[in-house]
Amino acid sequence: MLIAKELREMIVAAINDAVAAGEIPPVDAPDFVLERPRLKAHGDWATNAALALSRNLGRSPRDIADILARRLQEGTEAQGADGGAGTLRSVEVAGPGFINITLSQDRVLGELVRVANEGETYGRWSFGEGRRFNVEFVSANPVGPLHVGHGRWAALGDALCKLLEAAGYAVDREFYLNDYGSQMDVFAASVEARYLELAGLEFEFPAEGYHGAYVADIARALLAEDGGRPLQKPPDERRSELGERAYRMALSHIQDSMASFGVTFDAWASERELQQAGAVEKEVRSLIADGLAYEKDGAVWMATSRFGDDKDRVLVRSSGAPTYFAADIAYHLDKMARGYDHLINIWGADHHGYVRRMQAAMEARGYPDGLEVILGQLVNLKRGGEPVRMSKRTGEMVTFDELVEEVGRDAARYLFLTRSQDTALDFDIQLAVEESMDNPVYYVQYAHARICSILRYGSGKGVDLSEDVPGMEILRLLESEEEADLALKIFEFEELVRDAAMDRAPHRLTRYLEELAAVFHVFYNRHRVISDDAELTAARLFLVRCARQVIRNGLAILGVSAPESM
RNA sequence: GCGCCUGUAGCUCAAAGGAUAGAGCAGCGGACUUCUAAUCCGCAGGUUGGAGGUUCGAGUCCUCCCAGGCGUGCCA
């Protein structure tokens, strides 16, 4: 059983027993903290249960702690009465009333065996109960290459999905294409202008057009493909054909970028298809019929202010064109209609003002908690400390592909995930490349490669590397401080996965893996794994294999590879 | 003006209301005839933006102020 769970149960039992024995007045077990203390002197685990109880009981927390500590001690002695060892080695009261707990060696070793037995499923949970989640992320306009900022959402979205899957949810990844509306027209006009230019014809570049060099690249590819045949067609037809093919090209490029980054989407939803199927128009009519939308000033408004929005929002402009909002309502209802229990959208912080109206719409349609929006702060791209200006319109930009090419897929993924999405991310390309050897991702991967190296060395020495779990009498040779530290750090993984999934915080995993790698490296520098002592060698091999397993499991959630050698 | 996010070591960032606020980088000094020195050990570095408040206990919660980012469209 998860150590933290067992300890919690033991503490609750101690409280109830103390109440039953009349040592403390009747009280419900309070919320209390059970954590791994920062200071080693405070034991393997510590709880503030006595401090929490003293608030309700009005008695000295030290007295309560003494009572609980004695109960815990007696409890663990009872566990050991049948010859085996109890869970606890020692229980001490310290400070204002903390109870510091040290685990018995056998309890630690038993948990280690569980890690080995569960293997790649160690750290997986089932509390998601198979509920179907749809996570929508990246969702860039298909009018050019992805930029660096999209990379953060790709890394974050995919890692979050993997975390949710580890928690037991059934997750689909979805990319929403805003392939309808004015930006597509501008894109088509921009490509057409470059196309005409390349063909040596007169052209007029649209005032608000896309100036990036990639537009000309697309035009050049189109021209090479068709040899200028569209020039024979009427202007309208020509533009729509070129625009359509340019869109397909841009989309295919985006799909290639995501695929090579290792992100596989289950669905590529199209706004245009929704529009053409009449889903948007139909939803607007339905909202009016249901009294949730109304006409005013020649436009159609949705009464989002009745559901917590600051004011009502336009669904259909007085020009007759539907807004992005109208399409988004139809789109999100479409997702719900596809059977999802919960929707998660990852949006850039610049869409912050849009969240409330979207949730108001969902509430109006009967899904008050159906949509969860994760806002991520933006990426500030730098090169050697100097900010890199990025604008799709002017074309000054570093593309996502270029970044991945330059710093590598693992480093890019990992660096994107080192910070909370609530924090703007400074991404210095030069630093990521130049200091790649000091990059935290390599620190973690190196620990994995080192363990593989140990196993290779052992194999060369003829050491028995079968995956069998050594017996307890052998495992008990793991009695050094560094070995215990490594084991206890390994055990943090399971709860961390749960907490990170619930808090939507993949970045906690990077921090943890660095801590785990650090504890391993310390162990490695103090102790030889492969030695002349066959039993000790077997025990230590077992320990480092457990560490390797957890590093693997953690990196897998982040979508980062675990190399066998570096 | 209003709303959201952020403010912690020289830099980049961590810390479900807990004990002496931690890592990495940069700086200084050490450790390889030993399984990978992409590592490890040590030193130095702080009024957690500021002021009040709640609490046995606040970087964390509340109020106000300061600074930065984003938003506040019949744009997407």
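Numbered from 1 within each chain, the chains take letters A, B, ... in sequence-line order.
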Just checking, is any N or O donor in the side chain of A:D312 or A:S305 under 3.5 Å from an acceptor N or O on the other one?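 A:S305 and A:D312 do have a side-chain donor-acceptor pair below 3.5 Å.
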For a quick check of understanding: with a heavy-atom distance under 4.0 Å over all strands, which category does A:S54 fall into, base, sugar-phosphate or nothing? nothing
When we call it a touch if two heavy atoms are under 4.0 Å apart, what does A:A321 touch: a base, just sugar-phosphate, or nothing? nothing
Restricting to nitrogen or oxygen on both sides, can you table the protein-nucleotides 17-23 of chain B pairs closer than 3.5 Å?
from: B:rG18; atom 1: N7; to: A:N48; atom 2: ND2; distance (Å): 2.9
from: B:rA19; atom 1: OP2; to: A:R38; atom 2: NH2; distance (Å): 2.6
from: B:rA19; atom 1: N6; to: A:N100; atom 2: OD1; distance (Å): 2.7
from: B:rA19; atom 1: N1; to: A:N100; atom 2: OD1; distance (Å): 3.2
from: B:rA19; atom 1: N1; to: A:N100; atom 2: ND2; distance (Å): 3.3

May I have the distance from [X] (atom [atom1]) to [N] (atom [atom2]), rounded to whole angstrom?
X      : N      : atom1 : atom2 : result
A:R356 : B:rC4  : CZ    : P     : 8 Å
A:N380 : B:rU12 : CG    : P     : 11 Å
A:R36  : B:rA16 : CZ    : C1'   : 17 Å
A:D426 : B:rU6  : CG    : P     : 16 Å
A:M566 : B:rA37 : CE    : C1'   : 13 Å
A:E495 : B:rA15 : CD    : P     : 16 Å
A:I454 : B:rC35 : CD1   : P     : 11 Å
A:Y414 : B:rA38 : OH    : C1'   : 14 Å

Take atom [atom1] in [N] and the same atom in [M], then report the distance between them in whole Å.
N      : M      : atom1 : answer
B:rU60 : B:rG52 : P     : 14 Å
B:rC25 : B:rA21 : P     : 22 Å
B:rU8  : B:rG22 : C1'   : 10 Å
B:rA9  : B:rA15 : P     : 15 Å
B:rG42 : B:rA58 : P     : 30 Å
B:rU6  : B:rG10 : P     : 22 Å
B:rC5  : B:rA19 : C1'   : 31 Å
B:rA26 : B:rU12 : P     : 15 Å

Secondary-structure stems, RNA chain B, at least 3 Watson-Crick or G-U base pairs under 3.5 Å: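 Listed by first number, the stems are B:1-7 with B:66-72, B:10-13 with B:22-25, B:27-31 with B:39-43, B:49-53 with B:61-65.
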Can you pull the salt bridge (Lys or Arg N to Asp or Glu O under 4.0 Å) pairs that have at least one residue in residues 57-68 of chain A, sequence neighbours excluded?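 Listed by first then second residue: nothing to list.
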A:K461: partners by salt bridge (Lys or Arg N to Asp or Glu O under 4.0 Å), with sequence neighbours left out: none
A:V529 vs A:D31, nearer the 5' end of RNA chain B by closest nucleotide: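 Nearer the 5' end of the strand: A:D31.
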Select from A:L34 and A:L375 the residue whose nearest nucleotide in RNA chain B is closer to the 5' end of that strand. A:L375
Please name all residues satisfying side chain to side chain contact (heavy atoms under 4.5 Å, CB included) with [X], sequence neighbours left out, ordered by chain then number.
X      : result
A:L536 : A:L477, A:D533, A:R540
A:D185 : none
A:K40  : A:E481, A:D485
A:S480 : A:E482, A:E483, A:H527

Using ring-ring contact (aromatic ring centres under 6.0 Å, His included) as the criterion, list what pairs up with A:Y331, not counting sequence neighbours. A:Y176
Partner of A:R357 by side chain to side chain contact (heavy atoms under 4.5 Å, CB included), out of A:M302, A:K311, A:R313: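 Answer to the side chain to side chain contact (heavy atoms under 4.5 Å, CB included) test with A:R357 among A:M302, A:K311, A:R313: A:R313.
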Near RNA chain B, counting only heavy atoms under 4.0 Å, which residues of residues 519-528 of chain A show up? A:H521, A:V522, A:Y524, A:N525, A:R526, A:H527, A:R528
Between protein and nucleotides 70-76 of chain B, map the contacts as a letter string: B base, S sugar-phosphate only, - none, heavy atoms under 4.0 Å, written 5' to 3'. SS-SBSB
Using a cut-off of less than 4.0 Å, is there contact between a side-chain N or O of A:R450 and OP1 or OP2 of B:rA37? yes
Return no unless some side-chain N or O of A:S420 is found under 4.0 Å from OP1 or OP2 of B:rC5. no
Note: A:R36-A:D44 ion pair, threshold 4.0 Å (strictly below): no
Does the distance from a Lys or Arg side-chain N to an Asp or Glu carboxylate O, for A:E514 and A:R511, drop under 4.0 Å? no
Partner residues of A:S139 under the side chain to side chain donor-acceptor pair (under 3.5 Å) criterion, sequence neighbours left out: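 Expected list: A:E136.
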How many angstroms lie between atom CG of A:L315 and atom OH of A:Y324, to the nearest 0.5 angstrom? 14.5 Å
Taking the six-membered ring for Trp, are A:Y294 and A:W301 parallel (under 30°), tilted (30 to 60°) or perpendicular (over 60°)? parallel
Using every non-hydrogen atom in the two residues, find where A:Q183 and A:Y210 come nearest and quote the distance to one decimal. CB-OH, 3.4 Å
Heavy-atom closest pair, residues A:V373 and A:Q359: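 A:V373 and A:Q359 have their closest heavy atoms at N-NE2, 4.2 Å.
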